[in-house]
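See structure below.
This one's a predicted model, so the numbers in the text were calculated from it and none came from an experiment. We count ligands from 1, going down the list as the structure has it; atoms in each ligand are counted the same way.
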Amino acid sequence: MQYKQLPDGTQIPVLGLGTWDIGGRDTPDRTRDDELTELLQRIIRMGYTHLDTAEYYGGTHTEELVGRAIQAFARDDVFITTKVSPEHLGYADVHKSLDASLRRLQTDYVDLYLIHWPSQTIPLTETFPALNEAVADGRVRRVGVSNFDVALMEESMRLCQTPIATNQVRYNLLDRKPVQNGVLDFCQRHNILLTAYSPLKGGVLSNSTVTAIAQKHGVPPGQVAIQWLIQQPGVITIPKSTNVNHLQDNLDALKLGLDEEDLGQLDMIDD
Ligand SMILES: NC(=O)c1ccc[n+]([C@@H]2O[C@H](COP(=O)([O-])OP(=O)(O)OC[C@H]3O[C@@H](n4cnc5c(N)ncnc54)[C@H](OP(=O)(O)O)[C@@H]3O)[C@@H](O)[C@H]2O)c1
């Protein structure tokens, strides 16, 4: 595994495991709990020690599965990110949501706690005092945001008593919004990691430029998509898979070297 530096000087794996759709989408699916718990443990042993989840995923059940899986490991050996939903961004609700997440995850702290989406109605001035308290009392090691634009990131930096660790946004070869709206540049200038979600979605794997470069290197297209992200300063990514072959392919992306010609062609995809 390769690592990048968080603002507090600690390290985070460049490749984490997305967990959306593991144990249900927006409602719990408990039919494969034992199988999925064992699979998550196998995935962690493969090297995916950073698990990205959220209270929203599986109607809270995904956190329960992650919690079951990590009991087989020393707590320090895994890095757990979870997220508070936008309807829970009020001061008291943040505390309540966090405590419920910790119970489901069977742990007394999360490594990274993100605001999943900004709320249209609850101001960040309600949210951050609770997040700051959660850092101070040790339930949260680092605070981050997700789906925030530059203005919201600036406001978050003013309200957060610790450095904002990451902004988790959709970013892939076919979706360059974080470049267009300045979020990537802002993150890079302020030492905030950009966590790219949905790195493989939206037709990335069948794009003709991507498949041609993959063919040239003799690798599956997903590796081109993942390497393109993580070779960028301050960018990490969290592809989701429950297919062990795909998971190994995605790890092997760390070994792929894209040359100047490849990067030039990939940059032009969006033109
Ligand atoms: N913050 C947010 O608002 C937000 C929003 C969306 C997602 N996320 C997070 O980001 C994670 C990743 O995003 P995502 O799940 O939307 O999309 P993704 O990781 O880009 O794509 C997942 C899909 O790609 C397939 N896949 C994975 N590796 C593959 C490979 N090597 N070859 C072919 N297919 C492959 C998976 O199927 P198999 O399982 O069959 O491999 C799955 O269907 C989520 O799980 C979640 O943790 C966050």
Handout entry: Full working for side-chain contact (heavy atoms from CB on, under 4.5 Å) between Ile80 and Arg75
Key = CA-CA 9 Å; Ile80 305 298; Arg75 181 63 186 84; 3.9 Å; yes
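- Remark: Asp99 does not engage Arg104 in a salt bridge, criterion side-chain N to carboxylate O under 4.0 Å.
- Judged by distance alone, the side chain of Tyr57 and the main-chain N or O of Asp52 form no donor-acceptor pair under 3.5 Å.
- In this structure, the ring of Trp117 has its center no less than 6.0 angstrom from the ring center of Tyr56.
- Salt bridge annotation for Lys177-Asp175: absent, with no cationic side-chain nitrogen under 4.0 angstrom from a carboxylate oxygen.
- Residues of the protein with a heavy atom under 4.0 Å from ligand 1 are Gly18, Thr19, Trp20, Asp52, Tyr57, Lys83, His116, Trp117, Ser146, Asn147, Gln168, Tyr197, Ser198, Pro199, Leu200, Lys201, Leu205, Ile238, Pro239, Lys240, Ser241, Thr242, Asn243, His246, Asn250, listed by chain and number.
- Across every non-hydrogen atom of Ala165 and Leu6, the tightest pair is CB-CD2, 3.9 Å.
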